Amino acid sequence: MNIEFYALPIALHSVPSGKTLTRCSLKQSIAHNLHLILTSTFNSLSSDDQFGCRIWDADFDNISNQNKQKEEIIHSIQQVIARYERRLTQTRVELRLQQEEAEPRQAGTRVKKKLSIVITAHIQLTNEPIVYRDHFFVSPLSYDL
């Protein structure tokens with residue numbers, strides 16, 4: 001089965017000139033959609049305020065119960081994927097939060113929190129396993145050493 005999908009970002013300026021849009025495979029299309037879900041905030045899509053991810057609503061700086069917050073974010077991601085990426089089944093989300101040093105801008109060290117996400121699932125159409133990995137830097141923190 002060879003189904004082609006449009007790759008993101010879509011170059012809409014190519015349409016009036018008759019150019020063909022870039023295509024991608026089913027796995028790439030799913031990965032593009034998962035990335036779009038994870039990088040969107042709720043209410044960022046005017047036609048559907050439920051599209052997006054809870055990651056960007058969370059404040060990771062001063063958390064008394066980080067494990068509870070991680071579980072809530074994982075649950076939220078699973079719900080959004082179930083709603084907006086129906087090509088997947090048996091979805092499992094892993095989330096890891098760690099501090100990582102960033103390149104210093106001035107004197108001192110810049111530390112950011114790195115959020116690593118691994119989504120494992122099966123493609124419903126082919127029952128093929130898929131693993132999607134992504135990471136984001138959230139809640140910047142700077143301090144001098």
Side-chain angles (χ1 to χ4, degrees), residues 1-105 109-143:
M1 182 175 300
N2 192 14
I3 302 172
E4 291 185 336
F5 298 87
Y6 292 114
L8 292 180
I10 295 175
L12 292 177
H13 63 277
S14 301
V15 174
S17 62
K19 294 180 184 175
T20 54
L21 296 174
T22 307
R23 309 276 179 145
C24 65
S25 69
L26 174 61
K27 278 188 173 183
Q28 290 169 323
S29 175
I30 290 170
H32 289 307
N33 196 38
L34 291 174
H35 182 76
L36 189 60
I37 288 169
L38 293 173
T39 57
S40 298
T41 61
F42 289 124
N43 296 315
S44 62
L45 184 62
S46 61
S47 61
D48 188 348
D49 61 355
Q50 294 182 22
F51 184 86
C53 186
R54 188 175 182 277
I55 291 172
W56 310 109
D57 293 339
D59 181 8
F60 292 96
D61 281 334
N62 299 315
I63 299 173
S64 58
N65 192 343
Q66 201 170 65
N67 288 332
K68 181 180 177 189
Q69 187 175 35
K70 281 173 58 175
E71 290 303 317
E72 289 172 358
I73 291 171
I74 288 170
H75 181 70
S76 172
I77 292 171
Q78 288 172 329
Q79 286 182 320
V80 172
I81 290 172
R83 182 175 181 160
Y84 294 103
E85 189 45 87
R86 295 183 182 160
R87 297 174 288 182
L88 295 180
T89 62
Q90 303 172 36
T91 304
R92 185 169 161 242
V93 177
E94 295 175 47
L95 189 133
R96 186 170 156 210
L97 185 64
Q98 63 194 55
Q99 289 192 8
E100 190 166 296
E101 288 185 17
E103 209 169 298
R105 290 186 185 188
T109 301
R110 195 163 172 239
V111 174
K112 287 191 167 212
K113 295 205 179 190
K114 181 179 180 181
L115 189 63
S116 299
I117 299 171
V118 178
I119 299 169
T120 55
H122 283 83
I123 299 173
Q124 186 172 12
L125 187 64
T126 62
N127 200 31
E128 189 178 358
I130 185 171
V131 178
Y132 175 79
R133 290 179 171 83
D134 214 335
H135 66 272
F136 309 101
F137 290 96
V138 294
S139 300
L141 170 67
S142 297
Y143 65 92

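Quick caveat, the model's predicted, so the values are computed rather than measured.
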> How would you list, by chain and number, every residue that makes a salt bridge (charged side-chain N to carboxylate O under 4.0 Å, His left out) with E71, sequence neighbours excluded?
Replying inline: none

>> Check whether N33 reaches the backbone of Y84 with its side chain - one donor and one acceptor, N or O, closer than 3.5 Å.
In response: yes

> Going through the checks in order, is the side chain to side chain contact (heavy atoms under 4.5 Å, CB included) test met by V93 and I73?
Replying inline: CA-CA 10 Å; V93 177; I73 291 171; over 6 Å; no

>> Would you say that Y132 contacts L38 through its side chain, given a criterion of any heavy-atom pair below 4.5 Å between the two side chains?
In response: yes

> Is there a donor in the side chain of H32 and an acceptor in the side chain of Q28, or the other way round, less than 3.5 Å apart?
Replying inline: no

> Going through the checks in order, is the side chain to side chain contact (heavy atoms under 4.5 Å, CB included) test met by F42 and D49?
Replying inline: CA-CA 6 Å; F42 289 124; D49 61 355; over 6 Å; no

>> Do T120 and P129 make a side-chain contact, defined as non-hydrogen atoms from C-beta onward lying under 4.5 Å apart?
In response: no

>> Under the side-chain contact (heavy atoms from CB on, under 4.5 Å) test against L88, which residue among E85, R86, Q90 passes?
In response: E85

>> Within the 4.5 Å heavy-atom criterion, are I117 and L34 side-chain neighbours or not?
In response: no

> For T91 and Q78, which heavy atoms make the closest approach, and how far apart are they?
Replying inline: O-NE2, 4.0 Å

>> To the closest 0.5 Å, what do you measure between NZ (K70) and CD (E94)?
In response: 10.0 Å

>> Quick one, R54 and Q69 - any side-chain contact, counting heavy atoms below 4.5 Å?
In response: yes

>> For I123 versus K27, what's the shortest heavy-atom pair and its separation?
In response: CD1-CG, 3.7 Å

> Could you state the interatomic distance from CG (N127) to OG1 (T89), rounded to the nearest 0.5 Å?
Replying inline: 6.5 Å

>> How close do S40 and F51 get, counting heavy atoms only, and between which atoms?
In response: OG-CE2, 3.6 Å

>> Surrounding CZ of R23 (heavy atoms of other residues, nucleotides or ligands, distance under 6.0 Å), is the total greater than 12?
In response: yes

> Got a sec, which residues hit side-chain hydrogen bond (donor to acceptor under 3.5 Å, both in side chains) with S29, two or more places apart in sequence or on another chain?
Replying inline: R87

>> Once ring pair (Phe, Tyr, Trp, His ring centres under 6.0 Å) is applied, do any residues pair with F136, and if so which ones, sequence neighbours excluded?
In response: W56

